[in-house]
Trainee: 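Below: one structure in structure tokens.
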Amino acid sequence: MVLLFISSLALSVAAQRQYISLDGQWEFVRVKSLDEPPPAQGWQPIQVPRTVFGYNYERAWFRRKFFASETWRHYRLILHFGGVKYNSRVFVNGKQVGGCFNGYDAFELDITDAVRFGAENE
């Protein structure tokens with residue numbers, strides 16, 4: 001499960017978050033190492049959530065595009081992952097925004113500073 005929370009600290013806790021699911025159609029590409037940037041070619045469609053199976057700790061990049069409304073500019077955008085196996089690195093528009101080093105634990109990252117408002121983001 002991948003969710004985008006649009007959050008305002010000025011609102012009450014009950015009304016604080018708007019949830020947008022980013023589950024669904026993504027793209028992925030298997031790689032030998034995550035130390036290199038994602039390749040330009042070889043991407044395949046994949047439904048998220050999903051597990052990529054393989055041998056010797058399969059490594060893969062995943063990507064998805066989303067539109068960030070201009071009306072979100074004064075809010076914090078929090079990306080929530082229901083779990084990612086082992087060692088994730090999360091980028092928004094080419095900027096590393098964090099990651100999680102653990103197996104299948106849920107985690108959240110504030111991606112506000114990397115988002116382009118009124119535009120498509122990856």
Side-chain angles (χ1 to χ4, degrees):
M1 165 183 44
V2 182
L3 296 172
L4 178 64
F5 299 136
I6 303 157
S7 179
S8 171
L9 298 176
L11 298 176
S12 70
V13 173
Q16 186 174 359
R17 288 185 169 183
Q18 176 185 354
Y19 302 91
I20 298 172
S21 175
L22 295 180
D23 286 355
Q25 190 71 33
W26 286 58
E27 293 180 309
F28 87 108
V29 61
R30 285 187 168 102
V31 293
K32 291 183 181 184
S33 171
L34 296 176
D35 293 329
E36 300 294 324
Q41 298 178 344
W43 292 88
Q44 300 174 14
I46 189 169
Q47 282 295 118
V48 169
R50 178 152 174 208
T51 301
V52 175
F53 294 98
Y55 301 99
N56 297 324
Y57 292 101
E58 229 21 66
R59 291 158 186 87
W61 287 105
F62 290 76
R63 69 182 180 189
R64 184 185 198 284
K65 294 181 179 177
F66 67 96
F67 183 81
S69 172
E70 183 65 40
T71 62
W72 300 351
R73 183 173 295 279
H74 303 291
Y75 297 89
R76 303 305 300 168
L77 274 63
I78 310 298
L79 194 57
H80 172 87
F81 289 88
V84 177
K85 178 61 179 154
Y86 192 57
N87 185 10
S88 65
R89 301 171 190 174
V90 180
F91 292 79
V92 175
N93 299 322
K95 179 180 179 183
Q96 188 165 3
V97 295
C100 183
F101 185 74
N102 208 344
Y104 300 116
D105 288 343
F107 65 98
E108 294 182 350
L109 300 169
D110 187 329
I111 64 169
T112 308
D113 294 338
V115 169
R116 294 186 298 252
F117 295 97
E120 190 169 68
N121 294 268
E122 180 180 85

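Quick note: numbers below take in every heavy atom, side chains included, and nothing from hydrogens, waters or symmetry partners.
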Trainee: Do Pro45 and Gln25 have side-chain heavy atoms sitting under 4.5 Å apart?
Mentor: yes
Trainee: Decide yes or no for Val31 and Pro39: does some side-chain heavy atom of the first lie under 4.5 Å from some side-chain heavy atom of the second?
Mentor: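 Yes - at least one pair of side-chain heavy atoms lies under 4.5 Å apart.
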Trainee: Tell me, do Val84 and Val90 make a side-chain contact under 4.5 Å, heavy atoms counted?
Mentor: no
Trainee: Short question: side chain of Ser88, backbone of Gly99 - any donor-acceptor pair under 3.5 Å?
Mentor: no
Trainee: Going from NE2 on His80 to OG on Ser21, what distance comes out if it is rounded to the nearest 0.5 angstrom?
Mentor: 10.5 Å
Trainee: For Val29 and Gly42, which heavy atoms make the closest approach, and how far apart are they?
Mentor: CG2-O, 3.5 Å
Trainee: If the test is side chain to side chain contact (heavy atoms under 4.5 Å, CB included), which one of Gln47, Gln44, Lys65, Arg64 qualifies with Trp26?
Mentor: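 The side chain to side chain contact (heavy atoms under 4.5 Å, CB included) with Trp26 is passed solely by Arg64 among Gln47, Gln44, Lys65, Arg64.
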Trainee: In residues 113-120, what donor-acceptor pairs under 3.5 Å come from side-chain atoms, sequence neighbours left out?
Mentor:
residue	atom	partner	partner atom	Å
Arg116	NH2	Asn93	OD1	3.2
Arg116	NH2	Glu120	O	3.1

Trainee: When rounded to the nearest 0.5 angstrom, what distance separates OH in Tyr75 from OG in Ser69?
Mentor: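 Rounded to the nearest 0.5 Å, the OH-OG separation comes out at 10.0 Å.
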Trainee: Taking the side chain as everything from C-beta on, heavy atoms only, tell me whether Asn102 gets closer than 4.5 Å to Phe107.
Mentor: no
Trainee: For Glu36, enumerate each residue passing the salt bridge (Lys or Arg N to Asp or Glu O under 4.0 Å) test, keeping only those at least two apart in sequence or located in another chain.
Mentor: none
Trainee: Any ion pair linking Glu58 and Arg30 (charged N to carboxylate O, less than 4.0 Å)?
Mentor: yes
Trainee: Grouping I, L, V, M, F, W and Y whenever their side-chain heavy atoms are under 4.5 Å apart, do Val92 and Phe62 come out in a common cluster?
Mentor: yes
Trainee: Where do Ala40 and Trp43 come nearest, in terms of heavy atoms and distance?
Mentor: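 Minimum heavy-atom separation between Ala40 and Trp43: O-CD1, 3.8 Å.
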Trainee: Taking all non-hydrogen atoms of both residues into account, name the closest pair between Phe101 and Asn87 and its distance.
Mentor: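 Heavy atoms of Phe101 and Asn87 come nearest at CD1-CG, 3.5 Å.
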Trainee: What is the distance from atom CG of Asp105 to atom CZ of Phe81, rounded to the nearest 0.5 Å?
Mentor: 14.0 Å
Trainee: If two hydrophobic side chains count as joined below 4.5 Å and joins carry through other members, does Phe66 share a cluster with Ile46?
Mentor: yes
Trainee: Are any of the side-chain heavy atoms of Asn121 and Phe67 separated by less than 4.5 Å?
Mentor: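 Result no, sub-4.5 Å side-chain heavy-atom pair not found.
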Trainee: Do Ile20 and Leu79 belong to the same hydrophobic cluster, where Ile, Leu, Val, Met, Phe, Trp and Tyr are linked whenever their side-chain heavy atoms lie under 4.5 Å apart, directly or via other members?
Mentor: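 Ile20 and Leu79: one cluster.
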Trainee: Please name all residues satisfying salt bridge (Lys or Arg N to Asp or Glu O under 4.0 Å) with Arg89, sequence neighbours left out, ordered by chain then number.
Mentor: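 Expected list: Asp35.
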Trainee: If you define the side chain from C-beta out and look only at heavy atoms, does anything of Val97 sit under 4.5 Å from Phe91?
Mentor: no
Trainee: Taking atom CG of Leu77 and atom CD1 of Ile111, what is their separation to the nearest 0.5 Å?
Mentor: 5.5 Å
